[in-house]
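This report concerns only the one structure given below.
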Amino acid sequence: MQSKPLVSVIVPAYNVGEYLDECIESIVRQDCCDIEIVLVDDGSADNSGDICDAWALKDSRIKVLHKKNGGLSSARNAGLSIAEGEWIQFVDGDDVLPLDSISCMISFTGHDLDMVAGRFLMFSENIPVLSRKSSGFIMLDGIDSLREMLYQRRLSSSSSDKLFRRELFDLVKFKEGIVYEDLECMARLLPNCRKVAIISEIIYFYRKRPGSILSVFNRKRLDVLGITDEIYARMVDRSDSELIRAASDRRLSACFNIFLLLNRYGLGDDRQAVECWNIVKKLRFTSLFNGNVRIKNKVGILLSYFGRRLFGKSHFVYWRFNR
């Protein structure tokens, strides 16, 4: 009987034919051989589906699923429905994995944990070359990991720079029809984790390209406001004062970003901009004196005290600080 793969790599692909070969090749060449690759053609109008089928003929570890376009969350959920691995990694079809990405993360899975979280590196043209060094890691429980993510410190909200135990997705799926789906999903998933290893290794190359949804203005980006509101409400229901403060700061950060984004595109008097400003005024004082809040948000808070109009023009100062 054929044994099940150790890791299932799920690759949603929608109109990324220009980059898809490079993405799949980086997974096929991983130095961890006990994997399966689930390619999900999400109703592409270009040659992405054909590229997936061609790779499946060349490598028996590859499965291909063709479906109607439903968005990134829908494609990931479809991939999860046929994935057989004990561990799951998600790779977007225009991104690339370092050649030892999976083996690097698997090496940490012997600690009775449910997730390994690494780091990602952004690139525009040439794929970076890494020089590996021995690195340490920290081990946190799920609640502490959730707090780190909400404060945007040692744990990103991305699902692509992580390795997940498959069982985590038995009860939690990606919410479909939204952007910032990673933040929404991770906030529900992390409390279910027993242990999370946060490593300092770069295990994912994220391609920054024109036309991606977070590189242009789109009103779907306002989804983050509802998502952070829901996260905050859940933390209030838990009656955990530390998580409430962390969720409040993440909500503040979302309002900063959307308020300044709307101002940048001449929509400073838009209803959502006014709502964001009112939430900023409500939350800023508490976050200013919270020692866990990152410098970027504290800079934003201080700038906001100069008033709505002036703050609306200060996006170049606020975004100067790394996310």
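As a basis for the values below, the full set of heavy atoms in this structure was taken, side chains included, without hydrogen atoms, waters or symmetry mates. Here the structure is a predicted model, which means the values were calculated and not measured.
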Practice task
Could you tell me whether Asp59 and Arg61 make a salt bridge, using a distance below 4.0 angstrom between a side-chain N and a carboxylate O?
Solution key: yes
Handout entry: salt_bridge(Arg219, Asp223) N-O dist < 4.0 Å
Key = no
Exercise for the section: Check whether the side chains of Ser103 and Asp31 place a donor and an acceptor atom closer than 3.5 Å, and report yes or no. Expected result: yes
Completion exercise
All heavy atoms of Tyr180 vs all of Arg221, minimum pair found to be CE1-O, 3.3 Å
Exercise for the section: Apply side-chain contact (heavy atoms from CB on, under 4.5 Å) to Trp55 and Lys58, showing your working. Expected result: CA-CA 5 Å; Trp55 272 100; Lys58 292 189 289 185; 3.9 Å; yes
Exercise for the section: Starting at CZ of Arg245, measure out to CG of Asn292 and round the result to the nearest 0.5 Å. Expected result: 8.0 Å
Exercise for the section: State, yes or no, whether a side-chain contact exists between Val172 and Cys185 at a heavy-atom distance under 4.5 Å. Expected result: yes
Problem - Donor-acceptor pair, side chain of Ser145 and main chain of Val196, under 3.5 angstrom - result: no
Handout entry: Asp94 side-chain N/O to Leu20 backbone N/O, donor-acceptor pair under 3.5 Å
Key = no
Exercise for the section: Please round to the nearest 0.5 Å and tell me the distance separating atom OG of Ser159 and atom CG of Asp182. Expected result: 3.5 Å
Handout entry: Validation row: Tyr151, Val293 side chains within 4.5 angstrom (heavy atoms)
Key = yes
Practice task
Identify whether Phe285 and Phe306 are in the same connected component of the hydrophobic contact network (ILVMFWY, side-chain heavy atoms under 4.5 Å).
Solution key: no
Practice task
State, yes or no, whether a side-chain contact exists between Leu6 and Ile106 at a heavy-atom distance under 4.5 Å.
Solution key: yes
Problem - Side-chain H-bond candidate by donor/acceptor type, Ser253 with Lys296, under 3.5 Å - result: no
Exercise for the section: To the nearest 0.5 Å, tell me how far Leu222 CG sits from Arg271 CZ. Expected result: 9.0 Å
Exercise for the section: Side-chain contact test, heavy atoms from C-beta onward, threshold under 4.5 Å: evaluate it for Phe123 versus Lys208 and give yes or no. Expected result: no
Practice task
Enter the distance from Met105:CE to Tyr204:OH here, rounded to the nearest 0.5 Å.
Solution key: 10.5 Å
Handout entry: salt_bridge(Asp112, Lys195) N-O dist < 4.0 Å
Key = no
Exercise for the section: Just say parallel, tilted or perpendicular for the rings of Phe108 and Phe137, cut-offs at 30° and 60°. Expected result: perpendicular
Exercise for the section: Measure from NZ or CZ of Arg250 to the centre of the six-membered ring of Tyr232 and say whether it is under 6.0 Å with the direction within 45° of the ring axis. Expected result: no
Exercise for the section: Carefully, step by step, assess Ser287 and Asn297 under the rule side-chain contact (heavy atoms from CB on, under 4.5 Å). Expected result: CA-CA 8 Å; Ser287 282; Asn297 276 10; over 6 Å; no
Using a 3.5 Å cut-off and no angle test, enumerate the donor-acceptor pairs between side-chain atoms of residues 64-74 and protein atoms at least two apart in sequence or in another chain.
residue	atom	partner	partner atom	Å
His66	ND1	Asp41	OD2	2.9
His66	NE2	Asp53	OD1	2.8
His66	NE2	Asp53	OD2	3.3
Lys67	NZ	Asp42	OD1	2.7
Lys67	NZ	Ser74	OG	2.9
Asn69	ND2	Asp42	O	3.0
Asn69	ND2	Asp42	OD2	3.0
Ser73	OG	Lys175	O	2.9

Handout entry: Test: Arg76 cationic atom under 6.0 Å from Phe90 six-membered ring centre, within 45° of axis
Key = yes
Exercise for the section: Keeping the roles fixed (side chain from Ser44, backbone from Asn15), state whether a donor-acceptor pair exists under 3.5 Å. Expected result: yes
Handout entry: Ile88 side chain near Val7 side chain, heavy-atom distance below 4.5 Å
Key = no
Handout entry: Pair Arg165 + Glu86, salt bridge at N-O below 4.0 Å
Key = yes
Practice task
Identify the heavy atoms of Phe256 and Gly300 that sit nearest to each other, and give their distance.
Solution key: CZ-C, 3.4 Å
Exercise for the section: May I have the step-by-step check of side-chain contact (heavy atoms from CB on, under 4.5 Å) for Met139 and Ile198, ending in yes or no? Expected result: CA-CA 6 Å; Met139 193 81 73; Ile198 302 176; over 6 Å; no
Problem - Single-linkage hydrophobic cluster Leu310~Leu267, side-chain heavy atoms < 4.5 angstrom - result: no
Problem - Test side-chain contact (heavy atoms from CB on, under 4.5 Å) applied to Ile143 and Glu148, Glu242, Arg238, the passing residue - result: Arg238
Handout entry: Any donor-acceptor N/O pair, Arg284 side chain to Leu252 backbone, under 3.5 Å
Key = no
Problem - Over 12 foreign heavy atoms within 6.0 Å of CG, Leu171 - result: no
Practice task
Taking atom types as modelled, find out whether Asn77 and Glu176 have a side-chain donor-acceptor pair closer than 3.5 angstrom.
Solution key: yes
Practice task
State whether the side chain of Arg119 and the backbone N or O of Ser200 hold a donor-acceptor pair below 3.5 Å, judged by distance alone.
Solution key: yes
Exercise for the section: Keeping the roles fixed (side chain from Lys162, backbone from Ser156), state whether a donor-acceptor pair exists under 3.5 Å. Expected result: yes
Exercise for the section: Evaluate whether atom CD of Glu167 has more than 12 neighbouring non-hydrogen atoms of other residues, nucleotides or ligands under 6.0 angstrom away. Expected result: yes
Exercise for the section: Mind listing the closest non-hydrogen atom pair of Val91 and Val9 along with its distance? Expected result: CG2-CG1, 3.7 Å
Problem - Pairwise side-chain contact, Ile35 with Ile102, heavy-atom cut-off 4.5 Å (strictly under) - result: yes
Practice task
For atom OH of Tyr305, decide whether the heavy atoms of other residues, nucleotides or ligands shown that lie under 6.0 angstrom number more than 12.
Solution key: yes
Fill in the blank from the handout: CG (Asp95) and CG (Leu121) are apart, to the nearest 0.5 Å, by 11.5 Å
Exercise for the section: Tell me whether Leu39 is reachable from Tyr14 by hopping between hydrophobic residues (I, L, V, M, F, W, Y) whose side-chain heavy atoms are closer than 4.5 Å. Expected result: no
Practice task
Looking only at non-hydrogen atoms, find the nearest pair between Arg188 and Pro191 and report the distance.
Solution key: O-CD, 3.5 Å
Practice task
Could you tell me whether the side chain of Asp240 and the main chain of Leu243 form a donor-acceptor pair under 3.5 Å?
Solution key: yes
Handout entry: Short side-chain donor-acceptor distance under 3.5 Å, Asp249 and Asn290
Key = no
Exercise for the section: Determine, stepwise, if the pair Glu181 / Ile227 fulfils side-chain contact (heavy atoms from CB on, under 4.5 Å). Expected result: CA-CA 9 Å; Glu181 60 282 310; Ile227 291 169; over 6 Å; no
Handout entry: Short side-chain to backbone donor-acceptor contact, Ser101 and Pro98, under 3.5 Å
Key = no
Handout entry: For Gly79 against Val38, the heavy-atom pair lying closest together
Key = CA-CG1, 4.0 Å
Handout entry: Flag, side chain of Thr228 to backbone of Arg251, donor-acceptor distance under 3.5 Å
Key = no
Practice task
Decide, yes or no, whether a salt bridge links Arg194 with Asp114 under the criterion of side-chain N to carboxylate O below 4.0 Å.
Solution key: yes
Handout entry: pair Met149-Leu183: side-chain heavy atoms closer than 4.5 Å
Key = yes
Handout entry: Check: Ser26 main-chain N/O paired with Gln30 side-chain donor or acceptor under 3.5 Å
Key = yes
Problem - Heavy-atom side-chain contact between Asn192 and Leu190 under 4.5 Å - result: no
Handout entry: Side-chain ion pair, Glu84 and Lys63, N-O less than 4.0 Å
Key = yes
Handout entry: Lys/Arg-Asp/Glu bridge criterion (N-O < 4.0 Å) met for Asp144, Arg147
Key = yes
Problem - Which atom of Ser8 lies closest to which atom of Glu36, heavy atoms considered - result: OG-OE2, 2.5 Å
Problem - Atom pair CD1/CZ of Ile10 and Phe164 - distance to nearest 0.5 Å - result: 10.0 Å
